[in-house]
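Data block below; observations after.
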Amino acid sequence: MKGINSMTTIAENELTPEQVRDSKIYTQWGLTEVEYELIVKTLKRLPNFTETGIFSGMWSEHVSYKKSKPILKKFWSTNERVLQGPGEGAGILDIGDGQAVVFKAESHNHPSFVEPYEGAATGVGGILRDIFSMGAQPIAVLDSLRFGELDDPHTRHIVDGVIAGIAGYGNAIGIPTVGGEISFDSVYSGNPLVNVMAVGLIDQAAMQVGQARGVGNSIIYVGAKTGRDGINGASFASAEFSTDHESDRSAVQVGDPFLEKLVMDATLKAVREHSDIIVGIQDMGAAGLLSSSSEMAAKAGMGITLNLNLVPQRELHMTPYELMLSESQERMLLVVKRDEEQAIIDLFKEADLDAVVIGEVTDNGRYILEFDKGIVADLPIDFLTHAPKQDLPMTKPERMSTFNDTQYEPDIADLKATILAIMSQQTIASKASLFRHFDSMVRADTVIKPGGDASLVRVRGTKKALAMTTDVNARYLYLNPFVGAKMAVAEAARNIVSTGALPIGITDGLNFGSPDNPEVYYELDQSVAGINVVAQQLNTPVISGNVSLYNETDGQAIYPTPMIGMVGLLDDVNQAMTIGFKNPGDIIYLIGKTEDSFNGSEIQKMQTGKIDGQLFDFDDEAELVAQKLVRSAIHKELINSAHDLSEGGLIVGLLESSFQNTLGFDIDTQQDAKYLFSETPSRFVVSVSPELSDEFESIASGYATKLGHVTHSDEISIKTSTQNVHLSLVETVKVYQESISCQLKD
Amino acid sequence: MKAAVISFPGSNCDFDMLYALKDFGIDVQIVFAKENNLDEFDAIFLPGGFSYGDYLRTGAIARFSPIMSAVTKAANEGKLIVGVCNGFQILTEAGLLPGQLLVNKNPGFICEEVPLKVVNNNTNFSNAYSLNETIMIPIAHGEGNYFADDEVLTELENNHQVVFRYGNNPNGSLNDIAGIMNEKGNVFGMMPHPERAVEKVTGNIDGQNFFKSILSGILNQA
Amino acid sequence: MYLAKIYVTYKPSILDPQGEVIKSALKRMDYADIQQVAQGKYFEVKLNAKDVDTASSEVKSFTEALLINQNTETYRFDLSLVEDEVEA
Amino acid sequence: MYLAKIYVTYKPSILDPQGEVIKSALKRMDYADIQQVAQGKYFEVKLNAKDVDTASSEVKSFTEALLINQNTETYRFDLSLVEDEVEA
Ligand SMILES: Nc1ncnc2c1ncn2[C@@H]1O[C@H](COP(=O)(O)OP(=O)(O)O)[C@@H](O)[C@H]1O
Ligand SMILES: [Mg+2]
């Protein structure tokens, strides 16, 4: 091996190791003094410019999870279905018959703020690569979006761009965007959240891992050429924002869904036809070629040597630093058995794609980069891929101790006006004017499209279907991160259960402010704890996820927002249940008890402009009972619709069930009218044919309350113990459907 | 009797079309755009998607791919040619159907089930429907706004070449045009996706009669 | 070698919805004085040809064949002589 | 009123996939002498401004903010004074 002295300095203007040290440029790249000193001490020399950049990328929070790992370790992630837990491109669960479902979530928050279209588009591209790099065919995309409020013109600009970006990428590559969630709150105005989740299907025999095993095996680069886009995006995503963001635009990548479709199809073909010679596959995501290559080697306990002159380049005169840290999209790394490369190269060439051997697996445990006949980096892989962990202090947020323990008392002097106002709230109103831009049906497998609870995608060739959803009500977490996180998992599961499916697993997107703030770190810790409790009760392990920290702008942190992506399995797609009322005369039941649950509710936000007070309770037992009851009623074919209750409470659930097939209803809640708006968890609204109501009541007695029945009239009639109201279905639908599109217009 | 579904780089509804045709018992296979011979096929389907990325103009590049000369030859021989969505855009670019598909009047991709009216049921593509029947078929496009100059439009109408019209024009198409055929009646294009509306499990079977029509059309010709 | 700069716009009779969208986005961003926006395409093509007339007729030919759709679009172009080197 | 003609192209160092696709289509169509194709965007924007300097800085500002992606694209523009009437 060539000694360190042969290392070359590349560009004339590149800093020398001494200049790197003296100028402290590494601090601008996100490395701390302590980390830099540790590097110097471990290497027993000064790192050169390229090596310093390499450490800054690999040790960024986005790649290394150095701050969140102590917390992430606590996730419960094993049960009888788990074939792959956290640690690979995506997690994998057994769904029987030799098949498996693969899923993961990814965030693109900062890029989407700076460059909404490309930020969101490349988010979709990135998460899809995580799925097909496992050897799985992507079958669905979901999103989870948080924006500021629509009265802010800049927010409207971001909303337009993000929606168009998700559509632009997902529609073109031909993977349906089947569901998601969107809500609005001013805490996100400087820091929107764009999380995307992708789901894939795989034959268990074809599973791939991102590992570089076998000395002498070849590292093959496939897909797009490397350009200067998104250089050091990983450290960009690991830093707080200031409003002076325009200069950061260059950290945003540009996506090409056409190219990705070619890469996806070719990669899957390679897996089908050459699984015997492919050793590992890894997508290039955060910190690009650098993190993909070093992590593949680290996972296999090997070393790696790359010749950077061989990397396909889109721009002239790129330096090693740029080549390694570029986040150009649509690129993959394959490890292929030595001397067998040609078959793989030919396969990609056939699709007009670059496929080039750029290096090999070694057994020396070192990460070596050659460039222009010299060595520009020579680092111990183990050290490089294990950033020093940071245990951070945490304290309970100040605000939590000031919260009043009484529940908010809604003002419903005018019940009709209150209902119409609730239905037009940004968070409640129909998002169809936004998700209509997503192709939710391509591949022709979508059974339940956006607009229901969970979405449902059939597994072609079987009777099975997969239910999927993304959920979190961050207002609850703001009031109480532990209980709020439990509620988020429970709500996701209720959505899955409403389709008849059994919840089987979770991916998460942990969106938080700066972990260096002990209150934020506490929120993160408590959220993970809350997720874990319910995940275990439901037997839904957390098999993958993503962390996005530093979601603050000018010191204003977002609400703790751990997005829960959940997947469920329905054995017989013919039993798929939907939220809409089906027949006039069907009896409507409420499952679950309604209590004073108003702190953090939609009606509190609407009437007071803020979220305040101690969060109401979550009853784990009641949740499990309600879910079990609904699933068994669906499997016994006793019910005609099922809809879970969440934001806005019973009134919103009833009306949404009514709108689907334009059927009215006539009910008497026998409770104070305010309970129409209560957000007590663990509740569903179901409708039952009169002939089956006895049988339904026999399994539901004690848990279900009869409310009334479905009608065919345009009228909605609601009695409560305090007030009665009649609504026109047509008028109410209009408010619900047009609220968002009206606000998005100028 | 054999059918081909053409797969252009960037096509993404090729398999949806293939499965739908198979469901109707048609012997069908995928043929790639690099190929140049379609002699063995009796009917040719151009599916939806974003051929070659559709960056220049929808269908503009696909039109010059090698397979298109074979498609043109087949069209001239009187074989059935069906373009759906991107396939329709390609057929117009290739001059096998008149007009052009422009950006939707309110720009942006729309995916929705929309009502279509069958305005000519005396065709190879609609004979299983009743005249003036309204069916629900999904659309999924950003550039489905049918445009042709007045002369061409008049000709289309006079020859009854318009087969489907939108009930609720979603994209600004002139004369509410959703699907047209050539004068000879063997080349057809539509923006909506009947292949997404053939199975009860996915919630809509209004597209079944489209395939039944074609099936009887192919049988008639064979 | 010749460099052709080709400008493609919609024919005046064709509505340009994208221009309208950009215009309203600009208004939202507080560029209040925008009156009208039209979006077109712009191509730079380098080609070899024995003289400027050949180059010009070549450009005309492939622009009409591929770059535009004559139903709705129109174009103009400038041609200039440039150095012979094409990078990458 | 001013008319700005804005030409957006990829930065010279960036190879553009769209241009590559067009170039290979042209080659297939037997335009053998094509060396390089770049596809860009072209905008015509009419705006009011009190003088040419204001107009110019306005155009610069919104082009950088909305019309281009500074990561990969660059632009130039011409500005001219036109009559006051806007159609449609
Ligand atoms: N919040 C989380 N919960 C569980 N697993 C996580 C979480 N965040 C990250 N992971 C796992 O850590 C691994 C690395 O994640 P990430 O860096 O986001 O992937 P990528 O390299 O594709 O960007 C993945 O296996 C992912 O599933
Ligand atoms: Mg990955």
Side-chain angles (χ1 to χ4, degrees), chain C residues 1-10 12-50 54-55 58-59 61-63 65-67 73 75-76 78 82-88, chain D residues 1-10 12-16 18-50 54-55 57-59 61-63 65-67 73 75-76 78 82-88:
Chain C
M1 194 162 59
Y2 291 91
L3 168 64
K5 295 183 176 177
I6 305 158
Y7 312 91
V8 177
T9 48
Y10 280 121
S13 62
I14 305 286
L15 277 183
D16 169 20
Q18 283 156 316
E20 289 299 305
V21 169
I22 295 170
K23 181 171 143 191
S24 48
L26 288 173
K27 295 245 162 190
R28 256 191 227 171
M29 295 163 72
D30 285 333
Y31 294 99
D33 289 331
I34 306 294
Q35 300 301 305
Q36 196 177 5
V37 180
Q39 178 173 354
K41 290 176 194 142
Y42 172 60
F43 300 90
E44 292 183 351
V45 179
K46 288 186 184 164
L47 71 165
N48 290 324
K50 68 175 195 304
T54 322
E58 186 97 327
V59 171
S61 154
F62 69 68
T63 300
L66 181 69
L67 299 187
E73 290 171 328
Y75 72 102
R76 63 191 165 81
D78 317 325
V82 292
E83 270 172 44
D84 235 35
E85 171 211 354
V86 171
E87 296 194 351
Chain D
M1 193 162 58
Y2 292 91
L3 168 63
K5 295 184 175 178
I6 307 160
Y7 313 95
V8 178
T9 48
Y10 279 111
S13 67
I14 298 209
L15 276 187
D16 119 59
Q18 317 176 13
E20 288 299 303
V21 169
I22 295 170
K23 181 171 145 190
S24 44
L26 288 172
K27 296 250 163 191
R28 275 204 302 276
M29 296 162 68
D30 287 333
Y31 294 98
D33 289 331
I34 306 293
Q35 299 302 306
Q36 196 175 6
V37 180
Q39 177 176 352
K41 291 180 201 135
Y42 171 59
F43 299 91
E44 293 185 351
V45 179
K46 290 186 182 162
L47 72 164
N48 289 323
K50 69 174 193 304
T54 320
S57 78
E58 185 97 325
V59 171
S61 153
F62 69 68
T63 301
L66 183 73
L67 300 185
E73 291 172 330
Y75 70 103
R76 62 191 165 82
D78 317 324
V82 293
E83 272 173 41
D84 235 35
E85 171 211 352
V86 172
E87 297 191 358

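Below, read A as the first sequence line, B as the second, and so on, with proteins coming before strands; counting in each chain starts at 1.
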Which atom of D/Tyr42 lies closest to which atom of C/Thr9, heavy atoms considered: CE2-CG2, 3.5 Å
Region of D/Lys23 in contact with chain C, defined by heavy-atom distances below 4.5 Å: neither
Atom group of C/Ser61 that falls short of 4.5 Å from chain D, counting heavy atoms: both
Between NZ on residue D/Lys46 and CD on residue C/Gln35, distance to nearest 0.5 Å: 9.5 Å
Counterpart residues, side chain to side chain donor-acceptor pair (under 3.5 Å), relative to D/Tyr7 (two or more places apart): D/Asp78
Spacing of C/Phe43 atom CZ and D/Gln18 atom CD [to the nearest 0.5 Å]: 9.0 Å
Side chains of C/Tyr31 and D/Glu58 in contact at under 4.5 Å (non-hydrogen atoms): yes
Residue pairs fulfilling salt bridge (Lys or Arg N to Asp or Glu O under 4.0 Å) with at least one residue in residues 30-45 of chain C, sequence neighbours excluded: C/Lys41-C/Glu73
Per-residue contact mode, C/Leu67 against chain D (heavy atom under 4.5 angstrom): side chain
